[in-house]
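I have placed the structure first, in the form of structure tokens, so that the comments after it can refer back to it.
Hydrogens, waters and symmetry mates are skipped; everything else that's a heavy atom, side chains included, is used. Numbering of ligands and ligand atoms starts at 1, following listing order.
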Amino acid sequence: MTKYIFVTGGVTSSLGKGIIAASLAKLLQSRGLKVTIQKFDPYINIDPGTLNPYEHGECFVTEDGAETDLDLGHYERFLNIFTSQANNVTTGRIYQTVIQQERDGAYLGKTVQVIPHITDEIKRRMLLIGDTGKYDIVITEIGGTVGDIESLPFIEAVRQLQWEMEKEDCLVVHLTLIPYLKAAKELKTKPTQHSVKLLSENGVHPDIIVCRTERPLNLDLRKKIALFCNVKTEAVIEAIDANSIYEVPLKMLQEGLDVIVLKRLHINGYSAPQLGKWKEFLEKLKYPSGKVTVGLIGKYIELQDAYKSILESFVHAGAINECKVQIVNVHSEFITDENVGEKLGSLDALLVAPGFGKRGVEGKIIAVRYARENKLPFFGICLGMQMAAIEFARNVLNLKDAHSTEMDERTPDPVIDLMEEQKKVTAKGGTMRLGSYPCDLKPGTLAYNIYGQSTISERHRHRWEFNNAYLEQFEQAGMIASGKNPGTGLVEIIELKDHPFFIGVQYHPELKSTVENPQPVFVDFIKAAKEFAEGKIAVKNPLLQSEMI
Ligand code: GLN
């Protein structure tokens with residue numbers, strides 16, 4: 001029998017509902033329960049795939065190729081599980097289904113309405129993952145803030161489910177803010193009271209209130225919140241600001257959040273929390289023995305959420321290397337031949353980020369050249385890999401106008417070209433090469449060394465690819481394809497023979513890095529950065545010694 005936890009948010013956005021939901025899920029999982037999380041987003045886009053990162057941060061891609069909210073990345077990183085298309089639902093997708101059903105005649109003769117038709121579809125989707133019978137607990141995060149017009153149908157669906165289910169089968173956690181007023185030297189509970197009142201007006205009564213706060217909540221404040229919001233005092237949980245999101249599960253453990261949930265849901269027979277690996281990771285994170293500086297070359301750097309999974313992958317890779325990874329954001333639009341040395345000169349490694357469109361690509365190409373010529377450890381992801389191929393074509397193969405047809409349709413040397421299957425695609429939503437594909441690695445290469453196996457599987461999100469018509473020329477000059485799709489021959493990984501650590505990947509390795517399983521390319525990249533910092537890098541790449549290729 002699956003139990004359901006709904007997480008709503010009040011007072012303001014950006015309180016970290018996703019982190020609280022993931023932390024609660026982690027604690028329940030650590031007690032031996034099978035848990036998953038899903039997110040319901042109130043916007044009308046079918047998915048965030050067509051949104052600019054400035055609007056919505058990174059688009060997280062699941063194994064099955066769904067373009068989803070970045071909170072799903074947190075769920076996977078915390079829980080070490082895969083999510084899927086079903087774990088992220090938007091208002092757009094709900095309406096699309098209902099409207100399609102209406103066209104198909106499913107409601108013939110009836111007026112189609114928000115209640116019950118839209119709310120029925122929301123409820124159906126809220127229960128879908130639980131209906132598989134695979135989980136003890138499904139946590140559903142409701143995007144947006146209580147009081148927003150667009151979240152109302154979701155809140156109404158939660159109200160209906162609360163009525164339809166037995167009391168011990170579902171509960172609501174409400175996350176709010178307790179602001180500290182400096183002038184009054186006081187924490188204020190009024191916004192929380194208002195937000196719970198608003199939720200109650202919509203018929204949903206929270207069982208647990210999680211309070212984001214900069215300062216500790218004393219017992220009196222907890223009692224006051226409990227009294228005004230009609231919850232038990234122990235169900236008022238302090239969520240004080242943490243240095244790292246990965247500390248939040250332990251803070252929630254101290255607050256007893258998981259125990260309150262288990263009691264309220266009448267779940268017995270759970271074990272003590274097994275968080276050994278998590279704590280080990282946190283120890284390493286807190287007490288690094290060294291530091292490296294990695295340049296992140298991108299064009300969305302003003303908004304850190306745009307590169308969320310990459311930044312988190314560095315946290316995981318840093319911890320396992322017992323080393324703090326200091327990220328230096330470098331805006332690719334402002335890198336020129338003249339200032340590149342000054343901008344990148346103090347770095348221990350360079351990552352060129354994914355992206356779309358023309359803006360900022362020339363700066364990325366200049367940065368790649370710098371890393372190639374100065375033997376700086378280099379890691380290019382998706383567009384970053386494509387820029388590495390273009391740089392090599394222009395500056396080593398002497399194909400001066402080489403480009404990707406994404407940026408220059410008329411380039412004489414399209415070393416990066418639109419994939420054949422993309423040429424007939426005109427629709428924009430969900431039409432890229434998405435999700436997980438296998439990749440065969442060439443023995444004796446850096447990639448093979450990193451993964452330690454001959455076939456891997458990684459996730460994708462792109463339309464352009466390396467143009468195999470140029471592969472022989474590239475390989476003869478020293479840039480080889482060390483990973484390819486076994487079915488199509490699509491180049492998945494490129495690397496340089498005469499460079500200590502230079503790798504470009506067409507896929508998105510950052511999407512599979514978790515606390516318990518840091519992604520191997522990131523791990524070895526940080527290792528290479530450490531060695532570069534110590535001035536002793538020269539040996540990582542087996543291609544440097546190998547005569548095989
Ligand atoms: N714009 C490039 C493509 O579509 C790269 C995409 C990316 O970096 N995710 O192929």
*Answer yes or no: are there more than 12 heavy-atom neighbours, outside Glu342 itself, under 6.0 Å from its atom CD?*
no
*Test item: Asp417 side-chain N/O and Asn467 main-chain N/O as donor-acceptor pair under 3.5 Å*: no
*For residues Tyr75 and Thr83, report the shortest heavy-atom separation together with the two atoms involved.*
CB-CG2, 4.4 Å
*asked:* Between Arg125 and Glu121 (salt bridge meaning N to carboxylate O under 4.0 Å), is one present in this structure?
replied: yes
Is there any protein N/O under 3.5 Å from an N/O of ligand 1, and what does the full list of such pairs look like?
from: ligand 1; atom 1: 1 (N); to: Gly355; atom 2: O; distance (Å): 3.0
from: ligand 1; atom 1: 1 (N); to: Glu406; atom 2: OE1; distance (Å): 2.7
from: ligand 1; atom 1: 1 (N); to: Glu406; atom 2: OE2; distance (Å): 3.1
from: ligand 1; atom 1: 4 (O); to: Arg463; atom 2: N; distance (Å): 3.0
from: ligand 1; atom 1: 8 (O); to: Gly355; atom 2: N; distance (Å): 3.0
from: ligand 1; atom 1: 8 (O); to: Gly355; atom 2: O; distance (Å): 3.3
from: ligand 1; atom 1: 8 (O); to: Leu383; atom 2: N; distance (Å): 3.0
from: ligand 1; atom 1: 9 (N); to: Arg461; atom 2: O; distance (Å): 3.0
from: ligand 1; atom 1: 9 (N); to: His508; atom 2: NE2; distance (Å): 3.2
from: ligand 1; atom 1: 10 (O); to: Gln386; atom 2: NE2; distance (Å): 3.1
from: ligand 1; atom 1: 10 (O); to: Arg463; atom 2: N; distance (Å): 3.2
from: ligand 1; atom 1: 10 (O); to: Trp464; atom 2: N; distance (Å): 2.8

*When you measure from the centre of the six-membered ring of Tyr54, is the NZ or CZ of Arg359 under 6.0 Å away and within 45° of the axis?*
no
*Between Asp71 and Glu141, is any pair of side-chain heavy atoms under 4.5 Å apart?*
yes
